[in-house]
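Below, chain A is the first sequence line, B the second, and so on; all start at residue 1. A quick note: this is a predicted structure, and the numbers were derived from the prediction, not measured.
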Number of protein chains: 2
Amino acid sequence: MARRGDTIELAVLGLLHEGPMHGYELRKRLNLMLGWGRVLSYGSLYPALKKMLRANLITEVATTTTPTSRRPRIVYEVTDAGHEQFHRLMSEVGPTAWEDDNFDIRFAFFSSTDMEIRLRVLEGRRSRLQERLARVQAELERTQAEVDRYAGELQRHGVESVEREVRWLSDLIRAERGDDPPTAPPSAASPSITRHEQASPSN
Amino acid sequence: MARRGDTIELAVLGLLHEGPMHGYELRKRLNLMLGWGRVLSYGSLYPALKKMLRANLITEVATTTTPTSRRPRIVYEVTDAGHEQFHRLMSEVGPTAWEDDNFDIRFAFFSSTDMEIRLRVLEGRRSRLQERLARVQAELERTQAEVDRYAGELQRHGVESVEREVRWLSDLIRAERGDDPPTAPPSAASPSITRHEQASPSN
DNA sequence: AATTTCATGTAATTCGTTACATGATTCC
DNA sequence: GGAATCATGTAACGAATTACATGAAATT
């Protein structure tokens with residue numbers, strides 16, 4: 001089962017899925033990709049790579065060759081076992097916390113999976129968000145007038161944000177079920193997958 | 001300076017600001033308050049309380065008596081030094097990461113501070129979000145057409161969410177400077193009443 | 001000439017969780 | 001009588017950060 005810390009592993013496997021890469025570049029790509037969260041440090045990345053080597057998920061690709069005798073970079077490649085592990089981590093339904101924490105990473109690598117998995121991940125997240133929403137709203141109702149002004153405003157904003165994300169997910173799910181060819185329409189940049197104007201409740 | 005782990009400390013001090021409380025209740029309140037993130041475990045809370053006791057930020061309030069000789073609960077109260085520390089943590093401008101991680105907690109305790117601090121915290125967060133926004137958008141422009149379909153959609157949604165939060169913060173800042181209630185647009189629950197006096201034991 | 005970026009790594013530390021241990025009390 | 005909740009704690013472990021250490025190549 002996926003442990004809390006398989007996050008880096010998933011990210012590395014996902015990136016190497018695109019092609020061989022060395023540590024430094026992996027870090028750069030990762031920090032751009034997850035521009036929002038924290039940056040990944042070398043102290044996390046390199047040990048993780050070593051661990052993955054030992055676990056035979058990745059292999060070193062000989063990289064002596066450099067134009068002007070540059071410092072030898074260690075280029076990694078994903079193994080068959082690594083591919084397997086990648087797909088396992090992408091599709092696994094395990095402890096909620098892990099799936100929530102890694103939703104963004106999974107989403108970012110959606111192109112490397114098939115629709116079945118994508119739908120499962122999207123729907124899984126949506127239902128967890130809805131569940132949380134229900135809990136919080138029940139709580140809000142219970143403690144109605146008693147809440148502090150600012151705490152209440154925070155709660156309100158949180159609910160709204162989650163509701164927005166639920167709508168976003170619903171749009172994505174609809175798009176995924178509708179037209180979906182993996183060979184996407186060539187315009188990848190500006191046009192978003194869908195637009196949402198008003199709340200279509202839940203489903 | 002505030003360290004990463006002063007999060008629990010801030011939360012505990014903030015709650016005890018409302019009145020004395022024991023560990024179990026602190027945990028419950030905290031888990032409701034931060035309904036979104038992870039739940040706080042006893043393994044974090046109790047050691048933290050001990051540490052704060054040693055640091056003289058809180059004191060035990062004798063709690064011998066209970067109706068039917070219940071297990072003695074250890075009720076804590078914030079000291080003068082604790083009050084000081086609370087205000088320091090609420091207003092501190094330090095490493096960005098800490099302030100971002102603890103924005104919600106700070107916000108939730110806004111009623112216990114004054115407007116000057118509130119404005120500083122709100123504006124600080126807004127400017128950090130705007131900075132991040134600028135960086136990401138510059139990055140989006142640089143790698144224009146090259147992005148993956150899903151990675152791009154994720155980026156887009158992220159940008160939109162942050163823009164929404166910036167607007168939210170701007171509304172709050174305006175309300176704070178003017179004198180309107182933070183809930184300017186008629187959207188959610190009833191006008192909240194700012195009352196938090198009673199230290200109701202959950203017994 | 002100096003600084004930034006490239007490139008890889010290790011050691012110490014911090015923060016927090018899970019699992020374990022214990023026992024009283026209230027609700028059904 | 002049994003389950004859930006109240007109530008406090010400890011030990012082992014996990015994941016990731018910071019700081020340290022090193023050095024070459026490219027840029028200004």
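Between its two ends, the helix from dA1(C)-dT28(D) to dT14(C)-dA15(D) turns its axis by 30°, counting five pairs per end and rounding to 10 degrees.
Atom CD1 of Ile74(B) is separated from atom C1' of dA24(C) by 15 Å (rounded to the nearest Å). Here dT8(D) presents its C1' atom at 12 Å from CD of Glu60(B), a figure rounded to the nearest Å. Between the CH2 atom of Trp98(A) and the C1' atom of dT18(C) there is a distance of 19 Å, rounded to whole Å. Between Glu25(A) atom CD and dT5(C) atom P the separation is 17 Å, expressed in whole Å. One interatomic measurement links the two molecules: OH of Tyr24(B) to P of dG23(C), which rounds to 18 Å at whole-angstrom precision. What separates CD of Glu9(B) from C1' of dC15(C) is a distance of 13 Å, to the nearest Å. When the C1' atom of dT8(C) is taken as reference, atom CG of Leu40(A) falls 14 Å away, rounded to whole Å. Note: CG (Leu10(A)) to P (dA16(D)) measures 12 Å, nearest angstrom.
Every side-chain hydrogen bond (donor to acceptor under 3.5 Å, both in side chains) that Asp101(A) has, sequence neighbours left out, goes to Arg38(B). Legend: residues meeting ring pair (Phe, Tyr, Trp, His ring centres under 6.0 Å) with Phe110(A), ordered by chain and number and at least two apart, are Phe107(A), Tyr150(B). With sequence neighbours excluded, no residue forms a salt bridge (charged side-chain N to carboxylate O under 4.0 Å, His left out) with Glu131(B). With sequence neighbours excluded, the residues satisfying side-chain hydrogen bond (donor to acceptor under 3.5 Å, both in side chains) with Arg128(B) are Glu99(B), Asp100(B). For Trp168(B), the side-chain hydrogen bond (donor to acceptor under 3.5 Å, both in side chains) partners at least two apart in sequence or on another chain are Glu153(A). When the side-chain hydrogen bond (donor to acceptor under 3.5 Å, both in side chains) test is applied to Gln85(A), the partners found at least two apart in sequence or on another chain are Glu9(A), Arg88(A).
Side-chain nitrogen and oxygen atoms of Arg3(A) include at least one within less than 4.0 Å of the OP1 or OP2 phosphate oxygen of dA15(D). Phosphate proximity of dT5(D) to Lys28(B): absent, as no side-chain N or O sits under 4.0 Å from OP1 or OP2.
Each side-chain hydrogen bond (donor to acceptor under 3.5 Å, both in side chains) pair with one or both residues in residues 44-60 of chain A, not counting sequence neighbours, appears once here: Ser41(A)-Ser44(A). Applying the salt bridge (charged side-chain N to carboxylate O under 4.0 Å, His left out) test to pairs two or more places apart or on separate chains, none has a residue in residues 75-86 of chain A.
Contacts between residues 45-57 of chain B and DNA chain D, defined by a heavy-atom separation under 4.0 Å, are made by Tyr46(B), Lys50(B).
Remark: Glu123(A) engages Arg177(A) in a salt bridge, criterion side-chain N to carboxylate O under 4.0 Å.
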Check the pair Arg120(B), Ser91(B) against side chain to side chain donor-acceptor pair (under 3.5 Å), reporting the backbone distance first and the verdict last.
CA-CA 8 Å; Arg120(B) 203 202 302 175; Ser91(B) 62; 4.5 Å; no
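Closest approach to the Arg73(A) side chain among dA16(D), dA7(C), dG16(C) is made by dA7(C) (side chain taken as heavy atoms from C-beta onward).
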Could you go through residues 16-24 of chain A and list every donor-acceptor pair under 3.5 Å that involves a side-chain atom there, pairing it with any protein atom two or more places apart or in another chain?
from, atom 1, to, atom 2, distance (Å)
His17(A), ND1, Ser112(A), OG, 3.4
Glu18(A), OE1, Arg29(A), NH2, 3.1

For nucleotides 18-20 of chain D, print each protein N/O atom paired with a nucleotide N/O atom at under 3.5 Å, atom names and distance only.
none

